[in-house]
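Some notes on the structure that comes next.
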Amino acid sequence: MNDDVLLLGEKEFNNRLLTGTGKFGNHGQIPKMLAASGSQMITVALRRVDITAQSENILEYIPKDVTLLPNTSGARSAEQAVRIARIAREAGCGDFIKIEVITDMKYLMPDNWETLKATEILAKEGFQVLPYVLPDLPLAKRLENAGAAAVMPLGAPIGTNRGLETRPLLAMLIENASVPIIVDAGIGKPSQAAAAMEMGADAVLVNTAIATARDPEVMGRAFDLAVKAGRAAFLAEMAEESTLARASSPLTGFLDGE
Amino acid sequence: MNIFVNGNKECTEPCTLAQLIAWKKLDAGALVIELNQQIIKQEFWPTTELQEEDRLEMLSFVGGG
């Protein structure tokens with residue numbers, strides 16, 4: 001298939017499944033999952049070191065050919081998100097940044113207003129900004145104008161595995177945005193990832209559903225297949241739905257017809 | 001002298017950033033350091049002398065979605 005390239009900023013990706021490093025039972029599962037899923041971009045977070053305890057360096061588990069997508073989780077304001085993004089870049093994580101500003105701790109809803117402000121600042125500084133937002137078409141257009149490399153609307157709240165609860169709103173973004181739409185958060189099953197891709201999403205980001213599966217490696221492969229199937233179906237242009245049945249075989253009489 | 005590490009006040013002898021990290025037995029490869037809101041690259045740790053009331057943030061990358 002020749003339309004398999006996903007362009008984020010100026011970087012080309014041949015795989016449309018983005019993954020995350022959170023919630024794995026042990027970090028050794030991460031490189032296996034990456035190999036099985038073919039994912040070429042993975043999220044990481046930045047936190048204060050616990051000085052009293054030895055901690056593992058998560059970056060050691062991510063092969064060099066996989067692009068890092070540091071997130072700004074923990075930020076409660078645009079200013080904090082901007083600060084985290086600058087630190088991540090200085091630390092050698094590249095230009096990609098997932099803006100995640102969360103002020104609501106019950107549903108972990110992204111704060112679209114603060115996210116837009118952070119996107120405006122960081123895009124001007126040369127970051128490839130991937131803002132995580134509630135699906136809202138006017139906001140998505142503002143993010144585009146601000147220079148976002150993609151828009152990442154949620155399917156359902158983080159970690160809920162409830163799938164595409166925001167489907168009609170996602171469809172508006174997919175149909176009208178001129179930057180890639182990556183459905184992030186809430187996707188719990190490969191079938192839901194396939195559904196997002198069938199709708200025309202450019203990619204999906206899946207963390208919890210893979211990391212907390214009994215076997216993250218096999219689940220990574222399952223998501224890869226689902227994303228590929230959904231993408232192929234979208235490109236093939238699906239047949240229309242109909243209320244009444246339409247025969248697939250000729251309806252002319254056979255045994256006792258005229 | 002007194003410095004602040006990740007928001008906590010600590011008393012230390014005068015030292016460089018590299019010495020402080022060595023004393024704390026931290027994995028330098030995984031560390032990102034901010035000194036008074038300025039990121040200090042690892043190559044400058046041995047020559048960065050800590051001053052009274054300096055505010056250090058010691059950060060590292062962790063799993064996240």
Side-chain angles (χ1 to χ4, degrees), chain A residues 18-27 29-30 42-62 68-74 79 83-84 86-93 98 100 108 132 152 158-159 184-187 205-212, chain B:
Chain A
L18 281 64
T19 50
T21 53
K23 302 183 188 172
F24 280 87
N26 71 73
H27 292 156
Q29 293 170 326
I30 293 172
I42 193 163
T43 57
V44 291
L46 196 60
R47 281 293 177 281
R48 277 178 165 173
V49 171
D50 179 359
I51 293 165
T52 59
Q54 282 291 324
S55 58
E56 286 188 304
N57 182 3
I58 193 97
L59 302 184
E60 286 176 7
Y61 295 90
I62 302 171
L68 292 175
L69 178 58
N71 68 34
T72 66
S73 65
E79 289 70 25
R83 187 171 164 204
I84 295 168
R86 289 173 181 158
I87 294 170
R89 182 156 76 174
E90 278 293 321
C93 278
K98 170 179 165 177
E100 184 176 332
L108 301 179
Y132 167 64
M152 302 212 291
I158 295 171
D184 182 5
I187 292 177
L205 196 162
V206 181
N207 184 359
T208 301
I210 294 175
T212 63
Chain B
M1 68 178 184
N2 291 315
I3 58 171
F4 293 86
V5 179
N6 289 352
N8 298 313
K9 193 171 187 173
E10 290 192 14
C11 186
T12 175
E13 296 170 35
C15 63
T16 65
L17 193 46
Q19 285 170 323
L20 183 74
I21 290 160
W23 292 342
K24 289 186 177 297
K25 296 188 170 63
L26 295 172
D27 175 6
L31 268 188
V32 184
I33 304 275
E34 245 194 358
L35 173 60
N36 303 324
Q37 298 219 6
Q38 294 280 325
I39 297 142
I40 311 289
K41 290 196 169 158
Q42 198 159 344
E43 59 193 285
F44 298 113
W45 293 355
T47 52
T48 302
E49 302 273 353
L50 295 177
Q51 312 290 328
E52 183 76 28
E53 298 289 300
D54 270 350
R55 303 192 84 89
L56 277 171
E57 287 287 337
M58 296 190 168
L59 310 163
S60 70
F61 287 98
V62 297

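Proteins come first, then strands; the chains are lettered A, B, ... in the order of their sequence lines, and each starts at number 1. All values below were derived from every heavy atom in this structure, side-chain atoms included, with hydrogens, water molecules and symmetry-related copies excluded.
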(request) Sort out for me which residue in A:D184, A:N71, A:T72, A:T43 forms a side chain to side chain donor-acceptor pair (under 3.5 Å) with A:K98. (result) A:D184

(message) Using 0.5 Å steps for rounding, measure from the CG atom of A:L205 to the CD1 atom of A:I187.
(response) 8.5 Å

(request) Check whether B:I33 gets within reach of chain A through its side chain, its backbone, both or neither, counting any heavy atom under 4.5 Å. (result) neither

(request) Determine the minimum heavy-atom distance between A:R47 and A:G74, stating which atoms define it. (result) NH2-N, 4.0 Å

(message) Counting only non-hydrogen atoms closer than 4.5 Å, can you tell me which residues of residues 42-57 of chain B sit against chain A?
(response) B:E57

(request) Against chain B, work out which of A:A185, A:G22, A:A88 has the most heavy-atom pairs shorter than 4.5 Å and name it. (result) A:G22

(message) I'd like to check the salt bridge (Lys or Arg N to Asp or Glu O under 4.0 Å) partners of A:E90; sequence neighbours left out, ordered by chain and number.
(response) B:K41

(message) Does A:I84 form a side chain to side chain contact (heavy atoms under 4.5 Å, CB included) with A:R89? I'd like the steps, not just the answer.
(response) CA-CA 9 Å; A:I84 295 168; A:R89 182 156 76 174; over 6 Å; no

Without placing hydrogens or testing angles, list every side-chain donor-acceptor pair under 3.5 Å for residues 1-15 of chain B, not counting sequence neighbours.
residue	atom	partner	partner atom	Å
B:N6	OD1	B:M58	N	2.7
B:N6	ND2	A:V49	O	3.2
B:N6	ND2	B:M58	O	3.3
B:E10	OE1	B:K24	NZ	2.8
B:E10	OE2	B:K24	NZ	3.1

(request) Identify which part of B:V32 has an atom lying under 4.5 Å from any heavy atom of chain A, answering side chain, backbone, both or neither. (result) side chain

(request) Report the option among A:N207, A:V44, A:L46 that has the most heavy-atom pairs separated by less than 4.5 Å from atoms of chain B. (result) A:L46

(message) Once ring-ring contact (aromatic ring centres under 6.0 Å, His included) is applied, do any residues pair with A:Y61, and if so which ones, sequence neighbours excluded?
(response) A:H27

(request) Spell out, as yes or no, whether a donor-acceptor pair under 3.5 Å connects the side chain of B:Q19 to the backbone of B:T16. (result) yes

(request) Please determine, among A:L59, A:T19, A:I42, the option with the most heavy-atom pairs under 4.5 Å with chain B. (result) A:L59

(message) Quick check on the interface: out of A:G92, A:C93, A:P70, who has the most heavy-atom pairs with chain B under 4.5 Å?
(response) A:C93

(request) Would you check if the side chain of A:Q29 reaches a backbone N or O of A:G25 as a donor-acceptor pair within less than 3.5 Å? (result) yes

